Chemist: 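Would you mind keeping the following structure in view while I ask a few things?
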2 protein chains.
Amino acid sequence: MREVARQAGVSVATVSRALNASGPVGEETRRRILETAERLRYVPNRTARNLKRVATETIGVLLPDLYGGFYSEVIRGAERAARAARYHTLLASAHDGLPELVRALRTLVGRVDGLVVMSPDIEADVLRKNLPPGLPVVVLGGAVAGHGSVAIDNAAAAEAVTRHLAGLGHRRIALVSGPAPNADARARRDGYRRALAEADLAPDPVLELAGDFTEASGRAAAASFLALSPRPTALFCANDAMAVGALQALRDAGLRVPADVALAGFDDIPLARYVTPALTTAHVPIDEMGSQAIDAVLRAVRGDAPAPPAVTLPTRLVVRESCGARL
Amino acid sequence: MREVARQAGVSVATVSRALNASGPVGEETRRRILETAERLRYVPNRTARNLKRVATETIGVLLPDLYGGFYSEVIRGAERAARAARYHTLLASAHDGLPELVRALRTLVGRVDGLVVMSPDIEADVLRKNLPPGLPVVVLGGAVAGHGSVAIDNAAAAEAVTRHLAGLGHRRIALVSGPAPNADARARRDGYRRALAEADLAPDPVLELAGDFTEASGRAAAASFLALSPRPTALFCANDAMAVGALQALRDAGLRVPADVALAGFDDIPLARYVTPALTTAHVPIDEMGSQAIDAVLRAVRGDAPAPPAVTLPTRLVVRESCGARL
DNA sequence: TTGTACGCGTTATCAA
DNA sequence: TTGATAACGCGTACAA
């Protein structure tokens with residue numbers, strides 16, 4: 001910049017004004033400066049600008065993982081919203097629990113104007129201790145006191161899926177639940193139980209199979225499912241990844257879906273409609289969760305709103321072939 | 001930081017040394033500083049640190065799009081490699097051609113230590129004019145003079161797929177090619193033609209259907225395919241997204257794959273093995289392209305290498321059900 | 001072992 | 001309309 005100023009015969013202040021159109025600059029001077037900058041291939045240093053402006057035009061997105069259709073949809077939605085607002089997304093992932101989460105949080109500080117955090121079990125305390133007060137934060141899929149959130153009603157959606165299964169005539173409906181400490185997993189299990197009660201079906205602990213939201217755990221759970229006697233006629237997996245794994249295992253075992261077993265998932269990841277049979281599932285507007293989270297953060301960043309709001313996005317049951325007709 | 005120094009009764013320099021372990025600090029002093037920082041919830045400002053260090057610990061990743069299984073794999077690989085090196089990934093996408101690309105390039109400058117760029121038709125000139133000289137750049141899927149690159153041998157891989165089809169006994173093999181100006185698309189078409197020539201099959205322009213790498217264009221191409229007479233017995237789509245689209249259209253038209261038509265794709269996106277029948281395809285190590293690109297940039301950033309290298313990753317033919325047995 | 005003081009590249013304030 | 005200069009928050013010689 002100094003060099004541009006020197007060669008154009010002006011001061012750095014004038015160069016700054018010319019390039020940012022942030023102040024009065026003589027027409028002739030302006031031309032000369034722009035031309036010189038072009039010739040020297042000068043591109044302003046964003047870091048210095050950020051330091052001065054106390055703003056980075058960047059929103060951090062912290063995800064627990066990047067694998068599978070779910071997180072890529074979140075990223076896509078987030079990047080879309082950020083781009084529309086001329087913001088950037090700084091992507092980070094933290095797999096290994098708390099220490100990793102803390103590390104990621106702290107390295108993000110100072111390089112972002114706001115944060116979207118998705119973490120299975122985020123606690124208010126962790127955020128408070130590792131983030132400067134005043135940094136707008138939106139929690140994705142969950143709610144933390146004092147911060148904005150974008151989530152869905154997991155229990156209601158799981159209840160709808162289970163009710164659908166019951167409505168089809170199924171009376172023994174097994175569940176592959178998510179990891180026990182996970183709030184989403186717990187809420188979905190609660191919805192499942194609620195729907196059973198509604199349908200006057202006795203809850204049976206044996207029908208609740210353990211999973212951890214991975215495809216592999218879905219496969220494993222299907223094996224346990226097959227060992228059940230009498231075998232349930234329907235299987236509800238607490239997310240699509242596990243449903244896909246279960247579908248493969250079921251098929252490998254010679255069972256037909258939905259003829260022998262009705263199968264339902266949760267999330268409606270892109271893959272859900274591509275497998276055969278396509279998955280009946282609770283549709284979660286995943287990319288919209290990403291974009292709404294960014295929008296919420298941005299509103300707070302820009303001061304349009306005092307604090308990010310708590311948004312609950314609607315889900316809907318999507319019935320596809322994996323559930324078949326009435327029993 | 002000033003506040004921490006004040007409350008701890010030391011100078012900011014000592015605070016800096018204590019927090020970064022970058023110089024001698026008395027044990028007692030150190031403890032007091034850390035405790036004060038903790039209490040004040042002080043987190044160093046990354047922007048200022050970056051300005052001083054002339055490094056941002058961030059690699060920019062510029063993608064043409066974020067949709068579909070391909071780009072999310074790239075992102076995943078890139079983030080994994082960056083994270084391993086304690087770097088961040090700044091994600092940007094540029095859909096709408098050159099102006100958008102230039103804008104994205106320029107807003108990335110100064111906030112990244114290096115750049116991974118994936119763009120259908122990137123030109124050396126565009127990079128040279130919009131990036132400061134010396135910024136390490138790795139081009140993904142393509143090669144640009146003066147920059148590093150991570151790519152695959154598209155022609156050889158397409159040739160292998162086509163040869164496999166011919167080896168199965170197919171004599172009329174149609175191609176759904178990618179968009180004409182795209183270098184990858186052209187190379188794959190060349191490989192297809194080469195394999196035909198090898199197998200003494202006459203090239204036939206009618207067999208080359210137009211596509212644009214989207215699933216929808218695969219569906220459309222399948223329609224054209226069905227209008228061909230005599231109908232070819234095999235269909236090679238220049239990427240998996242189109243193959244998935246074609247598969248659906250073929251099935252909707254009442255054709256069985258592979259009994260009536262053998263189908264092959266390219267890329268081996270995660271979805272390829274989930275559709276029914278699973279796709280025979282040219283396996284491209286997509287996430288590895290992302291991680292290798294990051295690694296190459298990092299080597300240049302750290303000065304381990306003078307300039308990023310040109311890497312060609314191996315592909316391999318993955319035979320799955322969509323191609324069936326010998327005719 | 002600690003503190004002082006300078007500079008990283010910008011933008012913003014103020015005086016000219 | 002322009003230029004000199006003071007920050008922005010940090011790291012780091014260098015001196016103490």
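To find a chain, count down the sequence lines: A is the first, B the second, and so on, and within it residues start at 1. Every heavy atom of this structure was used, including side-chain atoms; hydrogens, water molecules and symmetry mates were not. Since the structure is predicted, the reported quantities are computational estimates derived from the model, not experimental observations.
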Chemist: May I have the distance from B:Ile33 (atom CD1) to D:dC10 (atom P), rounded to whole angstrom?
Modeler: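 These atoms are roughly 14 Å apart.
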Chemist: Does the side chain of B:Ser149 come under 3.5 Å of the side chain of B:His147 through a donor N or O and an acceptor N or O?
Modeler: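 Side chains of B:Ser149 and B:His147: no pair found under 3.5 Å.
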Chemist: Side chains of A:Arg111 and B:Thr58: is there a donor and an acceptor less than 3.5 Å apart?
Modeler: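 The criterion, which ignores hydrogens and geometry beyond distance, is satisfied for B:Thr58 and A:Arg111.
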Chemist: Has the side chain of A:Thr29 got a donor or acceptor atom that lies under 3.5 Å from a matching backbone atom of A:Val25?
Modeler: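 No, because the side chain of A:Thr29 does not come within donor-acceptor range (under 3.5 Å) of the backbone of A:Val25.
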Chemist: Let's go through B:Val74 and B:Asp287 carefully: what are the C-alpha distance in whole Å and the side-chain angles of both, what is the deciding distance for side-chain contact (heavy atoms from CB on, under 4.5 Å) to 0.1 Å, and is it a yes or a no?
Modeler: CA-CA 5 Å; B:Val74 173; B:Asp287 60 339; over 6 Å; no
Chemist: Indicate for each nucleotide in nucleotides 7-16 of chain C, in 5' to 3' sequence, whether protein heavy atoms under 4.0 Å reach the base (B), only the sugar-phosphate (S), or nothing (-).
Modeler: BBBBBBB---
Chemist: Ignoring backbone atoms, establish whether A:Thr14 has a side-chain N or O less than 4.0 Å from OP1 or OP2 of D:dG3.
Modeler: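 Yes, A:Thr14 has a side-chain N/O under 4.0 Å of OP1/OP2 on D:dG3.
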Chemist: Cut-off 3.5 Å, side chains only: do A:Asn20 and A:Arg49 have a donor facing an acceptor?
Modeler: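 Yes, a side-chain donor-acceptor pair sits under 3.5 Å.
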Chemist: Do B:Ile59 and B:Ile294 have side chains that get closer than 4.5 Å, going by heavy atoms?
Modeler: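 Answer yes - side chains close enough.
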Chemist: Compute the bend angle of the helix from C:dT1-D:dA16 to C:dA16-D:dT1 from the end axes (five pairs per end), rounded to 10°.
Modeler: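 The value is 40°.
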Chemist: What residues form a side chain to side chain contact (heavy atoms under 4.5 Å, CB included) with A:Asp184, not counting sequence neighbours?
Modeler: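 Result, side chain to side chain contact (heavy atoms under 4.5 Å, CB included) vs A:Asp184: A:Asn154, A:Asn182, A:Arg188.
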Chemist: Is there a side-chain contact between A:Arg103 and A:Thr107, using heavy atoms and a 4.5 Å cut-off?
Modeler: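 Contact flag for A:Arg103/A:Thr107 side chains = yes.
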Chemist: Starting at atom CD of B:Glu3, determine the distance to atom P of D:dG9, rounded to an integer number of angstrom.
Modeler: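 Distance check: B:Glu3 CD to D:dG9 P gives 13 Å.
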Chemist: Using whole Å, what does the distance between atom P of nucleotide D:dG11 and atom CG of B:Leu19 come to?
Modeler: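 After rounding, the reported distance stands at 8 Å.
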Chemist: What is the nucleic acid contact for A:Thr29, judged by heavy atoms within less than 4.0 Å: base, sugar-phosphate only, or nothing?
Modeler: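 A:Thr29: backbone/sugar contact only, no base atoms under 4.0 Å.
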